[in-house]
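Let me begin by presenting the structure, written as structure tokens, before commenting on it.
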Amino acid sequence: MDNGVRPLIAGNWKMNGTSVSLQQIGRLQMLLGEAGEVRADILVCPPATLIERAVRMAEATPVRFGGQDCHAEASGAYTGDTSATMLADAGASFVILGHSERRAGHGEESALVKAKAEAAMAAGLVPIVCVGETEAQRDQGIAPDVVERQVRESIPGEAGGQSLVIAYEPVWAIGTGKSARTEDIAEMHAHIRRVLEDMLGESGAGVRILYGGSVKPDNAGEVLRTPNVNGALVGGASLHADDFFSIILAC
Ligand code: PGA
């Protein structure tokens, strides 16, 4: 965390949460109120059904909300999908795109992720573009190439600075309790930074690169102190306000 960029701690609730889970937003608000200033921007990405209520609850706080996916079109005959415009209308400011669970489970390729990122930006949202290698790709020694390709093919050319966030999430570290080693995180984040600067010039230096994959209160400090790590994308531990808050305090 060394390029003077304010870190972002983002929670990804995935397909977890009904009305009762809004209590966690209330608890987070209380903890933040007690703590006063924190050193990170805070984002929660609950299921789309909860965004509007969460936004209303947290109006007076610095907590921002985001979606977990969007369609590449603004509207139309796409039964079951949600557009970036709709997320923005519900009060979202960010949207996670290209998460490995969507790349693997819904066959999303980088070209589609890029189209979605363009739609997100057009709607005034900041896309959080996820990239990451599988365990087999790491074992074959091709992780940097795989991730570089995902970055190059998934991000809009006009993005940069604070209008884009990248999340590096090794697939084998998601939800497994096996976080990547800090030296591997440092190496991959430096590689992503070089690719961003090559693609976007100076504004590539200001893009926040988050690490994701089994970030918990007990490893967050070490992960967040790693060079070129500008925050974290937190799954499981973001479902409990106290754990999520401990990660925020680790910045
Ligand atoms: P995890 O999930 O923290 O539960 O590993 C991270 C993510 O998928 O964004």
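Since we're looking at a predicted model, the values are computed, not measured. Computed over heavy atoms, backbone and side chain alike; hydrogens, waters and symmetry mates excluded. Numbers for residues simply follow the sequence, beginning at 1. Atoms within a ligand are numbered from 1 in the order they appear, just like the ligands themselves.
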* Asked: Taking atom CG of L87 and atom SG of C45, what is their separation to the nearest 0.5 Å?
  ->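 Taking CG in L87 and SG in C45, the distance rounds to 9.5 Å.
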
If we count only N and O atoms by modelled type, under 3.5 Å, do the side chains of [X] and [Y] hold a donor and an acceptor together?
{"X": "E133", "Y": "W172", "value": "yes"}
{"X": "H99", "Y": "E169", "value": "yes"}
{"X": "S110", "Y": "R103", "value": "yes"}
{"X": "Q150", "Y": "Y168", "value": "no"}

Show the atoms of ligand 1 that are less than 4.0 angstrom away from any heavy atom in [X].
{"X": "L233", "answer": "9 (O)"}
{"X": "A173", "answer": "5 (O)"}
{"X": "G175", "answer": "1 (P), 4 (O), 5 (O)"}
{"X": "K14", "answer": "2 (O), 7 (C), 8 (O)"}
{"X": "H99", "answer": "7 (C), 8 (O), 9 (O)"}
{"X": "G213", "answer": "5 (O)"}
{"X": "G236", "answer": "1 (P), 3 (O), 4 (O)"}
{"X": "N12", "answer": "9 (O)"}

side-chain hydrogen bond (donor to acceptor under 3.5 Å, both in side chains) test vs R208 passes for just one of N230, D41, N228, namely D41

For the pair D243 and K216, evaluate salt bridge (Lys or Arg N to Asp or Glu O under 4.0 Å) and give the outcome as yes or no after the intermediate values. CA-CA 7 Å; D243 288 346; K216 309 280 178 215; over 6 Å; no

Requested in this report: In plain terms, say whether K14 and E101 are close enough for a salt bridge, that is, a side-chain N and a carboxylate O under 4.0 Å apart.
Outcome: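 Salt bridge between K14 and E101, a charged N being under 4.0 Å from a carboxylate O: yes.
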
| Charged N to carboxylate O below 4.0 Å: is that the case for K116 and D69? |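 Between D69 and K116 there is a salt bridge, with a charged N closer than 4.0 Å to a carboxylate O.
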
**Asked** Any N/O of E101 closer than 3.5 Å to an N/O of ligand 1?
**Response**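 No; every N/O pair is 3.5 Å or more apart.
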
Ranked by distance from atom 7 (C) of ligand 1, the top protein heavy atom is E169 OE2, 3.1 Å

Could you check atom 3 (O) of ligand 1 against the protein and tell me its nearest heavy-atom contact, residue, atom and distance included?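 Result for atom 3 (O) of ligand 1: G235 N, 2.8 Å.
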
Ligand 1 contact by [X], heavy-atom criterion under 4.0 angstrom:
{"X": "K216", "answer": "no"}
{"X": "G212", "answer": "no"}
{"X": "S238", "answer": "no"}

